[in-house]
Amino acid sequence: MYLLFFSLGGVALYSINGGKKSDNKFKAFVAIFHGVGLLLLLVAGFGLMKFRDISHSALPVWIILKIVIWLAFGGLLTLAYKNAKYAKILWFVFPIMGLFAAYLAFYQPS
């Protein structure tokens with residue numbers, strides 16, 4: 001989770017300060033950290049499903065919402081790079097999405 005939030009926060013802050021993707025010397029590292037963080041979260045999520053004996057055939061709503069959040073985290077890196085205006089908004093949206101995903105995993109509302 002740290003890898004994901006470091007990469008998202010770093011890109012958002014870089015874009016807010018006027019940086020462009022083509023000028024970023026560490027864009028490969030950011031992409032690697034982002035991808036590895038997403039992969040680790042996906043594997044951990046499936047491990048949680050196995051631990052809690054949740055069937056893959058009939059997913060509860062909270063798992064579907066977590067998958068949607070995971071997909072959003074995957075795509076929003078590009079949006080943060082594109083425009084500083086969006087990056088300013090995403091600077092606050094990323095932690096809120098993370099807290100909501102943690103809430104869903106902890107309380108598992110149905």
Side-chain angles (χ1 to χ4, degrees):
M1 186 174 359
Y2 289 119
L3 292 174
L4 179 68
F5 279 99
F6 283 152
S7 63
L8 291 172
V11 166
L13 191 60
Y14 181 75
S15 180
I16 289 169
N17 287 322
K20 302 290 180 205
K21 184 176 182 179
S22 59
D23 298 336
N24 190 353
K25 297 176 185 176
F26 295 101
K27 65 183 169 188
F29 290 115
V30 170
I32 290 169
F33 281 12
H34 184 256
V36 170
L38 284 173
L39 178 65
L40 290 174
L41 286 173
L42 184 67
V43 170
F46 281 113
L48 177 66
M49 287 176 62
K50 177 69 175 164
F51 180 74
R52 303 257 169 97
D53 292 326
I54 298 171
S55 171
H56 290 95
S57 60
L59 295 176
V61 174
W62 68 272
I63 291 180
I64 294 170
L65 288 173
K66 283 187 64 77
I67 292 171
V68 169
I69 292 170
W70 181 82
L71 289 170
F73 274 135
L76 288 177
L77 181 74
T78 305
L79 187 61
Y81 259 135
K82 295 284 183 190
N83 192 335
K85 176 184 164 187
Y86 294 132
K88 288 177 187 176
I89 296 168
L90 291 174
W91 180 258
F92 296 102
V93 170
F94 288 145
I96 292 169
M97 287 173 54
L99 287 171
F100 184 60
Y103 168 80
L104 290 173
F106 189 71
Y107 292 108
Q108 301 175 1
S110 44

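Numbers here are sequence positions counted from 1.
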Check: Which residue pairs pass the side-chain hydrogen bond (donor to acceptor under 3.5 Å, both in side chains) test with at least one member in residues 25-50, sequence neighbours excluded?
Finding: none
Margin query: Please enumerate all residues that pass side chain to side chain donor-acceptor pair (under 3.5 Å) together with Ser55, with sequence neighbours excluded.
Written below: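 For Ser55, the residues satisfying side chain to side chain donor-acceptor pair (under 3.5 Å) (neighbours in sequence not counted) are Ser57.
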State yes or no: do [X] and [Y] share one hydrophobic cluster built from I, L, V, M, F, W and Y residues joined by side-chain heavy-atom distances below 4.5 Å, directly or via other members?
X: Met1; Y: Leu104; answer: yes
X: Val68; Y: Leu38; answer: no
X: Leu4; Y: Leu71; answer: yes

Check: In the hydrophobic clustering (ILVMFWY, side-chain contacts below 4.5 Å, transitive), which residues join Phe6, or is it alone?
Finding: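 Tyr2, which link up through side-chain heavy atoms under 4.5 Å apart, make up the rest of the cluster.
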Check: For Val43, what are the other residues in its hydrophobic cluster, where any two members join if their side-chain heavy atoms are less than 4.5 angstrom apart?
Finding: Leu39
Checklist line | Which residues share a ring-ring contact (aromatic ring centres under 6.0 Å, His included) with Phe106, sequence neighbours left out | finding: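 ring-ring contact (aromatic ring centres under 6.0 Å, His included) check on Phe106 returns nothing, list empty.
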Note to self: Among residues at least two apart in sequence or on other chains, which ones pass ring-ring contact (aromatic ring centres under 6.0 Å, His included) with Tyr103?
What the structure shows: Tyr107
Contacts of [X] that satisfy side chain to side chain contact (heavy atoms under 4.5 Å, CB included) - sequence neighbours left out:
X: Phe46; value: Leu42, Met49, His56
X: Pro60; value: Ile54, Trp62, Ile63
X: Val93; value: Ile89, Leu90, Met97
X: Leu3; value: Phe33, Val36, Leu40

Item checked: Distance, nearest 0.5 Å, that separates NZ of Lys66 from CG of Leu41 -> 7.5 Å
Check: When rounded to the nearest 0.5 angstrom, what is the spacing between CG in Asn83 and NZ in Lys88?
Finding: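 Answer for the CG-NZ pair, Asn83 versus Lys88, is 9.5 Å.
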Under 3.5 Å donor-acceptor pairs involving side-chain atoms of residues 11-19, not counting sequence neighbours:
unit_1	atom_1	unit_2	atom_2	d
Tyr14	OH	Lys20	O	3.3
Tyr14	OH	Asn24	N	3.3
Ser15	OG	Ala80	O	2.9
Asn17	ND2	Leu13	O	3.2

Next item on the list: Scan residues 66-99 for pairs that pass ring-ring contact (aromatic ring centres under 6.0 Å, His included), counting only residues two or more places apart or in two chains.
Entry: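 Non-adjacent pairs meeting ring-ring contact (aromatic ring centres under 6.0 Å, His included): Phe5-Phe73.
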